[in-house]
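Notes follow the structure.
One-based numbering, in listed order, for ligands and for the atoms of each.
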Amino acid sequence: MALTQTNGTPHPVEEVENPFESMLSRFQEAAKILDIDEDTHKILVSPAKEVKVNLTVKMDNGRVQVFEGWRVIHSVYLGPSKGGIRYAPNVHLEEVKALAAWMSFKCAVVNVPFGGAKGGIKCNPREMSKGELERLTRAYTFALADIIGPDRDIPAPDVGTDPQIMAWIYDAYSRRMGFSSPAIVTGKPLVLGGSLGRVEATGRGVMVSALAAMGKLGMNPKESSAAVQGFGNVGSISAQLIAEKGVKVKAISDVSGAYWNDNGINIPEAMDYYKSNNLSLDGYKGAEKIGNEELLTAKVDLLVPAAIEDQITRHNADKIQARLIVEGANGPTSAGADTILNSKGIMVVPDILANAGGVTVSYFEWVQNRMGHFWSLDDVYKKEDQVMHDSFEKVYQTSQKYNCSLRIAAYIVAIDKIASTMKLRGVF
Ligand code: GLU
C-alpha cells in the first residue's frame with residue numbers, strides 16, 4: 001500500500017481526505033441549517049482569487065531552483081484578506097484553498113474585520129540555508145507585490161515560517177513600494193513593529209478555549225490530563241499554558257515521534273531540550289517513546305492536535321479516549337471523523353474557534369502598526385482573552401440553539417456573518 005508521511009507517522013494514502021472537500025462538507029451542513037440561498041452558497045464555496053507563482057531562486061551551490069508557490073484569497077467581504085504562509089514539502093493548491101476558506105470563517109467567528117487567505121510554497125525549510133530561505137521569501141514577496149498589501153491581503157506565519165521570514169517580507173515589500181509598510185505582514189519581530197503577545201497568541205487562545213470547554217463539561221483542570229500532538233509554536237505553547245493551569249500533560253510529539261510520561265512531562269524542560277536540539281524532541285529523556293497513533297488514542301481527558309491536517313480520521317476516531325478535543329492545528333480532524341466523535345459524545349472545540357487567538361493578535365498588530373502606537377502585554381492578553389471567551393460562548397450558545405456540534409455551530413456563526421455582510425454590500 002502506498003504510504004504518505006504525515007508528522008513522522010505513515011498513514012495509508014486513502015485515509016487522508018481532501019482538505020477542501022472536508023471543509024466543504026462542514027460548510028454544507030451549516031449552510032443547510034441556516035438555509036442560505038443558492039447564490040450565496042455558490043459565492044462562498046469559490047475562492048475569490050487563486051494565484052500560482054514559479055519562483056526562481058539562486059541556491060548556495062550556484063544553481064537555480066524553481067519553487068512552486070500559491071496565494072489563495074478566499075473572501076474579502078469582512079475586510080482585507082488575512083492568513084499565513086506555509087513552507088512545506090507537500091503543500092498543494094487544494095490544501096491552500098481549504099486553509100484560505102478556514103481563515104475567512106475563523107476571522108468571522110472571532111469578529112475580526114478581515115477576509116481569508118492563505119499562501120504556500122512547496123519547499124523543505126529544514127533543508128535550506130538561511131540565505132536560500134531569504135532569497136525564496138523575497139522572490140515570493142516580489143511576485144505577489146500587487147496582490148498583497150496592508151489594505152488588500154496581509155500575510156502572517158504558519159507551518160514552516162517564523163518572525164524572521166515575516167521580517168524579510170516586510171523589508172522586500174517596503175523596498176518595492178519605496179516606503180516602510182509595517183502593516184503589510186503580521187507576526188513580525190518586536191523591533192520591527194510586531195505585537196507583544198503575538199508569538200504565544202495561538203497557544204494562549206487554545207488554553208483559553210480548553211478551560212472554557214472544561215468549564216462546560218464540569219472538568220477540573222487540576223484533575224485532568226492531556227496529550228498534545230505537535231511541538232511547534234502552537235503545540236509547545238499550548239502544552240506549556242495548559243500545564244500552568246494545572247493540567248497534567250502526559251504526552252507530546254513532533255516529527256521525531258511521540259513521548260509519554262504518566263507523571264506528567266516537564267514542559268519547560270522539554271521546550272529547552274527542543275530548542276537546544278535543533279528544534280527536535282529526538283532523544284528526549286524525560287519520557288518514554290510511543291507512536292503517534294498511541295498519543296492520539298491515549299487515555300487522557302484532553303487531546304490537543306496541534307500539528308497538521310487529517311490526523312483524526314474515520315480510521316482512528318472510534319479509538320479516541322479523550323472527552324475533549326481542542327484543535328490547535330487547522331483541519332486536524334477530517335469530516336469523516338466528525339460523526340464518530342459526535343456519537344461518542346466527545347466535545348470538539350473546532351480549529352476555526354480554538355486556534356483563532358493567532359489571527360486575533362495579528363489583527364491587534366495590524367491596528368497598532370496603523371496607529372503607530374503600541375499596547376502593553378497586559379492589554380494584548382486581556383483583549384485576546386475577552387475575544388476568545390466571547391467567541392466560545394457565542395459558538396456554544398449557537399450549538400445549544402441548533403442542537404449541533406461546536407464545529408457546525410462555529411460554521412453557522414461564520415457563514416451567517418459573512419452572508420449578511422455580502423447581502424448589504426451587494427453582488428454585481
Ligand atoms: N497561520 C495562522 C492561522 O492559521 C495565523 C494567521 C494570521 O495571523 O493571519 O490562523
Side-chain angles (χ1 to χ4, degrees), residues 19 23 70-76 78-88 91 95-121 125 148-150 152-163 165-166 169-170 182-189 193-206 208-209 230 232-235 237-238 305-309 326-332 349-369 380 383-384 387-388 391 410 414:
M23 182 285 293
W70 296 268
R71 185 77 183 165
V72 173
I73 294 178
H74 172 261
S75 78
V76 288
L78 302 188
S81 51
K82 186 83 190 80
I85 303 174
R86 177 167 292 203
Y87 285 9
V91 68
E95 181 186 17
V96 181
K97 274 166 63 182
L99 290 161
W102 281 325
M103 285 310 302
S104 289
F105 302 144
K106 197 184 294 190
C107 292
V109 167
V110 287
N111 222 357
V112 155
F114 285 141
K118 202 79 172 197
I121 303 181
I148 58 175
R152 286 173 193 262
D153 175 40
I154 307 127
D158 196 72
V159 175
T161 55
D162 62 11
I165 290 177
M166 302 307 115
I169 294 176
Y170 166 41
I184 176 60
V185 66
T186 60
K188 297 178 293 295
S195 175
L196 288 165
R198 176 62 186 89
V199 168
E200 63 272 38
T202 312
R204 187 175 179 87
V206 167
V208 172
S209 310
N233 170 278
V234 182
I237 295 174
S238 301
I308 50 168
E309 294 101 274
V326 180
E327 297 183 335
N330 291 310
V349 185
D351 46 7
I352 57 172
L353 168 63
N355 72 35
V359 75
T360 300
V361 179
S362 273
Y363 166 58
F364 297 163
E365 180 173 332
W366 181 80
V367 168
Q368 293 171 77
N369 290 154
V380 172
K383 288 183 179 26
E384 180 188 353
V387 167
M388 293 308 295
S391 308

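- Partners of Ser75 under the side-chain hydrogen bond (donor to acceptor under 3.5 Å, both in side chains) rule, at least two apart in sequence or in another chain, are Ser104.
- You'll find the side chain of Phe114 stays beyond 4.5 Å of the side chain of Ser81, heavy atoms only.
- Contact check for Val199 versus Asn233: side-chain heavy atoms found under the 4.5 Å cut-off.
- Between the Asp351 side chain and the Gly331 main chain, a donor and an acceptor come within less than 3.5 Å of each other.
- Checked options Ile154, Val361, Val359; the residue passing with Thr186 is Ile154 (criterion: side chain to side chain contact (heavy atoms under 4.5 Å, CB included)).
- A heavy-atom cutoff of 4.0 Å around ligand 1 is satisfied by the protein residues Lys82, Gly83, Gly84, Met103, Lys106, Lys118, Ala156, Pro157, Asp158, Arg198, Asn330, Gly358, Val359, Ser362.
- Side-chain contact check for Thr161 and Arg86: no donor-acceptor pair (N or O, by modelled atom type) lies under 3.5 Å.
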